[in-house]
J.: 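Dropping the structure in here first, questions after.
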Amino acid sequence: MISVRNITKRFGSYAALHGIDLDIEPGEFIALLGPSGSGKTTLLRIIAGLEFQDSGQVLFDGDDVSSLKVADRHVGFVFQQYALFRHMTVAENVAFGLQVKRRRDRPTRAAIRDRAEELLRLVQLEGLGGRYPGQLSGGQRQRVALARALAIEPQLLLLDEPFGALDAKVRKDLRRWLRDLHKQMGLTSIFVTHDQEEALELADRVVVMDHGKIEQVGTPEEIYMNPATPFVSHFVGETNRVTGGSGEIHFRPHDVDVVAEGGEAVLVDNVFRKGGCWRVEGALVETSMFVEIDVDAALPQPRPGDTIRIVPRRSRQFHFEPTSNPEGGQA
Amino acid sequence: MKVRATSEDRLTQIVLIGLALTFLAFFLLLPLVAVFSEALGQGLGMFLEAVQTPDALAAIRLTLIIAAISVPLNVVFGIAASWAITKFQFPGKSLLITLIDLPFSVSPVVSGLIFVLLFGANGFVGPWLAEHDLKIIFAVPGIVLATVFITFPFVARELIPLMMEQGKDDEEAALSLGASGWQTFWHVTLPNIRWGLLYGVLLCNARAMGEFGAVSVVSGHIRGETNTMPLHVEILYNEYDFVGAFAVASLLALLALVTLVAKSVLEWRFDLHSGASH
Amino acid sequence: MSNTLALAGAPPGVLPRTIARTWRKRSVMPGFGLTFGFTLAWLTLIVLIPLATIFLKAAGMGWHEFVAVGLSPRALAAYRLSFGTAAAAALVNAVFGLLVAWVLVRYSFPGKRVVSALVDLPFALPTAVAGIALTSLYAPNGWIGQFLEPMGIKVAFTSLGITIALVFIGLPFVVRSVEPVLADLGKDVEEAAATLGASRYQTFSRVILPAIGPALLTGFAMAFARGVGEYGSVIFISGNMPGKTEIAPLLIVTQLEQYAYAGATAIAVVMMLASFAVLLLINWIQAVNRRRMGA
């Protein structure tokens with residue numbers, strides 16, 4: 001089990017993290033999700049030992065590793081730009097972690113070669129061991145970086161924006177592949193992402209962060225359906241925000257029923273097809289606040305200038321700061 | 001304090017910094033200090049006297065003339081060459097760049113020798129020159145030629161990477177707005193490259209004024225006529241007039257310091273060599 | 001091929017233009033003819049023709065004469081000295097230049113900018129000035145020489161002195177070629193090595209050094225090439241004893257002073273060929289290296 005206790009980190013006058021607590025069960029696949037500057041990468045680097053917290057502890061199975069050097073933490077780290085050694089072949093890259101072991105711990109040359117081959121097979125790069133990183137595609141480099149991190153048999157795998165540098169198609173394939181690989185190996189893993197779709201698709205649990213604080217920890221379902229704070233509600237998935245009274249009401253575009261009478265009147269401004277729905281953009285007649293609504297495409301297409309009446313099926317009310325208590329549930 | 005994965009502990013750092021600074025102090029700083037110390041060692045009066053002899057003044061004048069001719073020539077060439085090389089695609093480009101760099105890999109002495117072989121009394125064109133009473137070797141034109149050869153790549157070398165990085169978007173925009181070629185160059189390209197150009201001019205000028213080997217071969221060492229400052233330093237030194245030699249040398253060292261300061265200011269202000277020059 | 005056939009029937013005047021256009025890619029930018037023409041003409045006039053004369057002159061000598069002067073015992077001793085001291089100095093510079101570059105890129109300390117500017121001093125200081133300054137420092141009664149003399153170390157007027165002058169001349173070449181590569185080397189690569197269990201020393205020797213190797217080699221080669229041809233800073237400190245401390249460029253000058261143009265030419269040609277060979281070899285190593293890394 002990996003535990004983070006009350007971690008605080010400042011860069012000069014800028015507080016990157018304040019008071020982070022987090023427990024990660026063995027075998028879990030955790031996503032650190034947040035916008036840039038939320039502190040998610042800093043937290044990942046502190047767990048790895050690449051940065052040092054100002055206060056607080058990092059515990060691996062109950063042992064405080066805070067004073068342990070990165071080289072002694074046995075953590076696999078996949079860097080955003082892969083950080084492959086360009087002057088080494090793919091096989092040499094993968095074998096690096098074994099080559100630098102102390103002589104008495106170092107496997108034989110043949111064992112290292114076999115291990116590298118085995119790992120390359122695992123990441124489906126069999127036969128490419130003799131290539132140089134410069135001769136590989138982005139997706140292939142990503143997998144070399146992963147195989148290299150796995151070579152040291154880490155107790156924990158950390159991935160910094162693992163798909164950030166890839167184009168959309170490759171990203172999707174690799175995502176699915178990584179999820180399968182995690183299932184197969186069961187290695188405790190944490191990855192950082194700013195892409196909510198990626199976090200919801202891959203992770204067992206998602207840690208949503210903002211401004212150096214954890215906003216919510218939960219399964220993807222919990223995060224999406226019961227966001228704990230206005231930030232989570234807004235950052236994960238599409239959300240309409242309507243202010244009223246002492247707080248604001250959030251509802252998702254697809255959590256809306258169109259009714260003949262009653263509800264709220266919406267003046268339609270623009271309509272286009274979005275998958276199986278009509279996406280309606282308009283303004284609440286009463287307050288002229290902007291809303292987005294998904295209307296079943298089986299219904300007639302609304303026209304700009306029409307007025308439709310809506311009732312949110314499911315919404316959440318948040319009180320304004322400083323109370324900010326969520327009152328989720330049915331409205 | 002904990003040591004980051006990508007750094008060394010403070011003690012190692014201090015040892016390495018100390019080692020590097022000691023090395024630089026012995027090999028760079030001390031010679032520089034020695035020049036001024038020897039020049040002023042016998043008092044300011046001796047120094048002023050030494051740099052005001054007619055021969056010293058003639059040498060200073062000649063050095064300034066040589067620089068005033070060869071630097072502008074290299075500026076024109078540097079701009080033309082870098083325009084052709086960076087704004088157009090043509091085969092043989094890398095060969096052209098290699099040829100422009102060629103004078104860097106030729107010994108200064110050989111750089112002088114080639115002009116002696118060409119224009120000297122027994123040279124290929126020598127007899128013809130003698131017939132027409134033209135003098136190149138052991139005269140100012142020879143010194144200019146050798147200097148231009150030695151400093152040939154300086155300006156082009158600064159401008160080619162700079163203009164390569166800037167691309168030709170700005171020029172194409174200007175052309176599409178109806179500017180003529182000259183207008184585009186004058187109003188768009190030149191402002192973009194002016195600091196890089198100045199940088200190249202500085203280095204070119206320092207070399208032009210300080211060149212010794214090549215000039216020594218073609219000059220003939222005629223006092224008051226074909227002696228540049230570096231050559232004058234040699235003559236005085238060989239005559240054991242150390243104060244005189246170091247006095248003139250200190251003027252050249254001063255020029256070097258001014259060059260270094262100007263160069264550093266340019267680098268800090270305009271980030272010329274970090275790849276982010278916009 | 002088909003292009004050539006199609007052009008065969010073109011009217012006169014069209015042909016050169018078309019060839020020019022297919023030779024270089026079409027461009028809307030103006031001034032190619034002017035700038036390229038001027039560049040080529042000036043290059044030919046100032047560099048190529050003068051350089052060609054030396055080979056022309058050498059070709060005019062008989063093979064026996066060429067060998068007799070170009071490879072005479074005195075000349076061979078001069079080459080050995082020039083190449084040997086240049087190599088030694090370049091080696092010293094490779095080590096200390098790397099150290100200086102490392103310190104300048106990686107660490108912060110007071111006066112760093114001044115130190116950085118000072119590194120370029122050998123580029124800006126006229127060689128003759130450097131020469132007399134170094135001589136006065138290392139002469140038996142000089143600031144440094146007076147301490148070395150009792151220890152039995154003679155610098156001025158020996159090959160050690162020549163090497164010191166060449167270290168001075170060559171230092172910035174190494175520092176300036178290593179510096180940008182070291183600065184560009186991503187921190188993440190070093191971090192990756194650390195996460196994989198490498199010690200700092202292992203990271204340096206297995207990751208950093210190979211990555212800056214090509215730049216270091218380039219700096220070494222430039223310092224070496226410059227050292228072989230260097231004249232001004234060396235002649236004062238070398239003592240100029242034929243066969244002992246007489247460098248090759250000085251031998252050329254000596255020959256010239258005796259109006260022995262053929263001798264000077266032969267020695268110059270041998271030096272140039274050797275220098276070009278070294279540079280070609282290093283270029284070739286770099287090219288192989290680049291191709292291997294697919295960059």
Side-chain angles (χ1 to χ4, degrees), chain B residues 5-6 8 13 16-17 19-20 23-24 27-28 30-32 34-35 38 77 80-81 83-84 87-90 99-100 102-103 105 107-110 113-118 122 124 148-149 152 168 171-172 175 181 206 210 212-213 217 230 233-234 237 245 249 252-253 256 259-260 263-264, chain C residues 23-25 27-32 35-36 38-39 42-43 46-47 50-51 53-54 57 96 99-100 103 107 109 113 115 117-118 120-121 124-130 132-134 136-137 167-168 171 187 190-191 194 200 225 229 231-232 249 252-253 256 261 264-265 268 271-272 275 279:
Chain B
T6 52
E8 290 74 41
Q13 291 193 15
L16 291 179
I17 292 171
L19 225 82
F23 175 81
L24 293 177
F27 279 87
L28 300 187
L30 225 45
L32 190 62
V35 172
E38 298 274 350
F77 168 76
W83 180 275
K87 306 292 178 193
F88 302 93
Q89 286 304 322
F90 55 90
L99 290 178
I100 291 174
L102 209 52
S105 49
S107 169
V109 168
V110 178
L113 170 67
I114 54 181
F115 291 103
V116 174
L117 292 181
L118 204 52
N122 297 315
F124 289 94
V148 170
F149 180 93
F152 194 81
K168 48 188 183 186
E171 282 80 5
E172 284 174 348
L175 290 168
F212 179 73
V217 170
V233 168
E234 184 200 18
Y237 190 86
L252 288 167
T259 303
L260 285 187
K263 177 173 173 296
S264 303
Chain C
W23 169 61
R24 74 170 166 97
K25 290 218 177 96
S27 169
V28 294
M29 301 288 292
F32 181 76
T35 57
F36 184 79
F38 176 72
T39 301
W42 191 240
L43 177 74
I46 297 290
V47 176
L51 269 182
T53 56
I54 201 164
K57 176 89 182 165
F96 283 93
L99 174 70
V100 170
V103 163
Y107 305 147
F109 53 91
R113 284 184 163 182
V115 173
L118 187 68
D120 282 330
L121 180 71
L125 193 69
T127 53
V129 177
I132 62 169
L134 287 169
S136 79
L137 283 177
V167 168
F168 173 88
L171 181 71
K187 282 254 163 187
E190 288 172 54
E191 289 180 346
R200 193 65 191 139
Y231 177 70
I252 295 178
V253 173
L256 269 180
Y261 293 113
T265 304
M271 270 180 63
M272 280 170 72
S275 291
L279 288 178

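Quick caveat, the model's predicted, so the values are computed rather than measured. Protein chains get the first letters and strands the later ones, always in sequence-line order, with residue 1 at the start of each.
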J.: At a 4.5 Å cut-off on heavy atoms, which part of I54(C) comes close to chain B: side chain, backbone, both, or neither?
T.: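 Contact with chain B involves both backbone and side-chain atoms of I54(C).
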J.: Between L137(C) and chain B, which part of the residue has a heavy atom less than 4.5 Å away: side chain, backbone, both or neither?
T.: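 The side chain, not the backbone.
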J.: Can you tell which part of I100(B) gets under 4.5 Å to a heavy atom of chain C, answering side chain, backbone, both or neither?
T.: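 Contact with chain C: backbone and side chain both.
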J.: Mind ranking G210(B), S264(B), A206(B) by heavy-atom pairs under 4.5 Å with chain C and telling me who comes out on top?
T.: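 Ranked by contacts with chain C, first place is G210(B).
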J.: Going from NZ on K87(B) to NZ on K168(B), what distance comes out if it is rounded to the nearest 0.5 angstrom?
T.: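 Rounded to the nearest 0.5 Å, the NZ-NZ separation comes to 8.5 Å.
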J.: L117(B) versus chain C, heavy atoms under 4.5 Å apart: side chain, backbone, both or neither?
T.: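 Looking at L117(B), just its side chain touches chain C.
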J.: Tell me if a side-chain donor or acceptor on E38(B) pairs with a main-chain N or O of S136(C) at a distance below 3.5 Å.
T.: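 Checking the backbone N and O of S136(C) against the side chain of E38(B), no donor-acceptor pair under 3.5 Å is found.
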J.: Ring pair (Phe, Tyr, Trp, His ring centres under 6.0 Å) with F96(C): which residues, sequence neighbours excluded?
T.: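 Testing F96(C) for ring pair (Phe, Tyr, Trp, His ring centres under 6.0 Å), a comparison that skips the adjacent residues, returns F23(B).
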J.: Contact part of F77(B) toward chain C, heavy-atom cut-off under 4.5 Å: side chain, backbone, both or neither?
T.: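 Both the backbone and the side chain of F77(B) come within 4.5 Å of chain C.
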J.: Heavy-atom cut-off 4.5 Å, strictly under: side chain, backbone, both or neither for A264(C) against chain B?
T.: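 Answer is both: backbone and side chain atoms of A264(C) are under 4.5 Å from chain B.
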J.: Using non-hydrogen atoms only, which part of F27(B) is less than 4.5 Å away from chain C: side chain, backbone, both, or neither?
T.: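 When you check distances to chain C, atoms from both the backbone and side chain of F27(B) fall under 4.5 Å.
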J.: Side chain, backbone, both or neither: which part of M272(C) has a non-hydrogen atom closer than 4.5 Å to chain B?
T.: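 Side chain only.
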J.: What part of L28(B) gets within 4.5 angstrom of chain C, counting heavy atoms only: side chain, backbone, both, or neither?
T.: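 It is both, since atoms from each part get that close.
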J.: Where on L279(C) is there a heavy atom nearer than 4.5 Å to chain B: the side chain, the backbone, both, or neither?
T.: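 The side chain, not the backbone.
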J.: Once you measure the plane-to-plane angle for Y231(C) and F212(B), does it fall in the parallel (<30°), tilted (30-60°) or perpendicular (>60°) bin?
T.: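 Aromatic pair Y231(C)/F212(B) classed parallel.
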J.: Where does A124(C) contact chain B at under 4.5 Å (heavy atoms): side chain, backbone, both or neither?
T.: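 Backbone plus side chain of A124(C), per the 4.5 Å heavy-atom cut-off to chain B.
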